[in-house]
*Asks:* 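Take this structure first; my questions come after.
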Amino acid sequence: MSIDKKSNNLNPQKRGEDVSLDLALRPKNFDEYVGQDKVKRNLKILIEAAKKRNEPIEHILFHGPAGLGKTTLAHLVAKEMNSQIKITSGPAISKVGDLVAIILRLEEGDILFIDEIHRLSKLVEEILYPAMESRAIDFVSGKGPSAQSYHLPLKPFTLVAATTRTSLLSSPLRSRFSGGSFRLDFYTIEDIEKIVCRNAKILCVETKPEAIKIIASRSRFTPRIANRLLKRARDYAEVKGQGIITPELAEEALNLLEIDHLGLESVDRRILDTIIKKFNGGPVGAGTLAAAMMEEVETIEEVYEPYLMQLGFLDRTPRGRCATSRAYEHLGLTPPSSSASDQNQQKLI
Ligand code: ADP
């Protein structure tokens, strides 16, 4: 499966209706943006200071697992700054010329949002250094004796970037986010319940409080997943019930999607099962695991592993991935007296 964090199984192929619903559910201001209080406080200061100086806000990096609200924050920053936002992503910029064209079209005060910035190639990334630091771009056009080098000044702009893999960013790039680098954490269950409750109102679907709890508890502490589960529960309630999401209908809808009480989907369980049964609980390298699962390494690392680690089901050790005894228990298996993960812990001690 190729990685597209916005359309994989955790976020299935979007229907037209889903896309417009997603826009309706996206918070329109910082008050509607639930949680992540530390990040919001910092951003508000940055925004206010920039406005006072009548300057564009400084370059910002958001990092953290998919679906936690990085893109939404970029939109909110643009809105608060009354700036236009131009959106692109690392995989969409394959050539230096693509990025140069985008940057040269930016107007004063614009925000350029680059999602998945860790996927920019080194050559493309290097264009960003002077653009971010000294508002200029240097590039060479043509080859051989006819090659021409250019140094073009830029209008003041802000780069807002998002990544699920901050460790893959080079340090020269990371250090140029002068406004700061903000980590988004998984949400608390209370915050996810607030999001589900608010969004049920926007979708005009009556949802019983117990049903909100069920949907929230299986949402992997992630707003995007909470939205998706709410929409699927709404579909189910419309087809199998009277359009009201009751706890029973919510439970049935999520069971039909094979989402268990912790929010694990079949691929998550297959990852744990493969590590335990094929590799004796690990350690197993990410590449070997991905090959055994017929998935891409990046999909496993970026989409599935963060939540499995958050639950304490998986350890990333220097020698590879290990299933913890909690993972065995979740699958109804008996953990070995000391699982590979525990042994690794002991070695480290
Ligand atoms: P990311 O860019 O980190 O993958 P997005 O910003 O695209 O995540 O968020 C996905 C969806 O989740 C948004 O469209 C929005 O509806 C919802 N969402 C994200 N963060 C929040 C939040 N803090 N409060 C309410 N809804 C949120």
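Note that ligands are numbered from 1 as they come in the structure, with each ligand's atoms numbered from 1 the same way.
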*Asks:* Select the closest option to atom 1 (P) of ligand 1 among K70, E116, Q36, judged by heavy-atom distance.
*Replies:*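 Nearest option to atom 1 (P) of ligand 1, by heavy atoms: K70.
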
*Asks:* Report yes or no: do N255 and R218 form a side-chain donor-acceptor pair below 3.5 Å?
*Replies:*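 Result is yes, a qualifying pair exists.
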
*Asks:* Just jot down the ligand 1 atoms closer than 4.0 angstrom to any heavy atom of L25, in number order.
*Replies:*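 Result: 16 (O).
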
*Asks:* I'd like to check whether P65 has a polar contact with ligand 1, where a contact means an N/O of the residue lying under 3.5 Å from an N/O of the ligand.
*Replies:*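 N/O-N/O distance under 3.5 Å: no.
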
*Asks:* Does G69, backbone or side chain, put an N or O under 3.5 Å from an N or O of ligand 1?
*Replies:*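 It does: an N or O of G69 is found under 3.5 Å from an N or O of ligand 1.
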
*Asks:* Please name the residue in the list E301, E298, H118, E116 that meets the side-chain hydrogen bond (donor to acceptor under 3.5 Å, both in side chains) test with R165.
*Replies:*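 Result for side-chain hydrogen bond (donor to acceptor under 3.5 Å, both in side chains) with R165: E301.
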
*Asks:* Looking at ligand 1, would P27 count as a contact under a 4.0 Å heavy-atom criterion?
*Replies:*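 True for this residue.
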
*Asks:* Nearest 0.5 angstrom please: R270 CZ to E295 CD, how far?
*Replies:*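 Between R270 CZ and E295 CD, I get 6.0 Å after rounding to 0.5 Å.
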
*Asks:* Any side-chain donor-acceptor pair under 3.5 Å between S141 and Q148?
*Replies:*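 Note: S141 and Q148 side chains miss the donor-acceptor criterion.
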
*Asks:* Fit a plane to each ring of H330 and H261, take the angle between them on a 0 to 90° scale, and name the class: parallel (under 30°), tilted (30 to 60°) or perpendicular (over 60°).
*Replies:*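 Tilted, since the angle between the ring planes falls between 30° and 60°.
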
*Asks:* What part of N227 sits under 4.0 Å from ligand 1 if we count only heavy atoms: the side chain, the backbone, both or neither?
*Replies:*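 It is the side chain that gets close, since no backbone atom is under 4.0 Å.
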
*Asks:* Could you name the option among V34, D22, D115 that has the heavy atom nearest to atom 22 (C) of ligand 1?
*Replies:*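 Result: the heavy atom closest to atom 22 (C) of ligand 1 is in V34.
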
*Asks:* In terms of ring plane angle, is the pair F157 and H59 parallel, tilted or perpendicular, where the classes change at 30° and 60°?
*Replies:*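 F157 vs H59 ring planes: tilted.
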
*Asks:* Side-chain heavy atoms nearer than 4.5 Å, only ILVMFWY residues, links allowed to pass through others: does that put L152 and I102 together?
*Replies:*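 L152 clusters together with I102.
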
*Asks:* Looking only at heavy atoms, is any part of Y187 under 4.0 Å from ligand 1, and if so is it the side chain, the backbone, or both, or is it neither?
*Replies:*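 Looking at Y187 and ligand 1, just side chain atoms fall under 4.0 Å.
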
*Asks:* So is there a nitrogen or oxygen of T72 less than 3.5 Å from a nitrogen or oxygen in ligand 1?
*Replies:*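 So ligand 1 has an N or O lying under 3.5 Å from an N or O of T72.
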
*Asks:* For E125 and S170, which I'm curious about, is there any donor-acceptor pair between the side chains at under 3.5 Å?
*Replies:*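 Yes.
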
*Asks:* Could you check whether any heavy atom of G67 sits closer than 4.0 Å to an atom of ligand 1, since that is the contact criterion I want to use?
*Replies:*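 So G67 counts as touching ligand 1.
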
*Asks:* Using heavy atoms and a threshold below 4.0 Å, how should the contact between I195 and ligand 1 be classified: side chain, backbone, both, or neither?
*Replies:*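 Answer for I195: side chain.
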
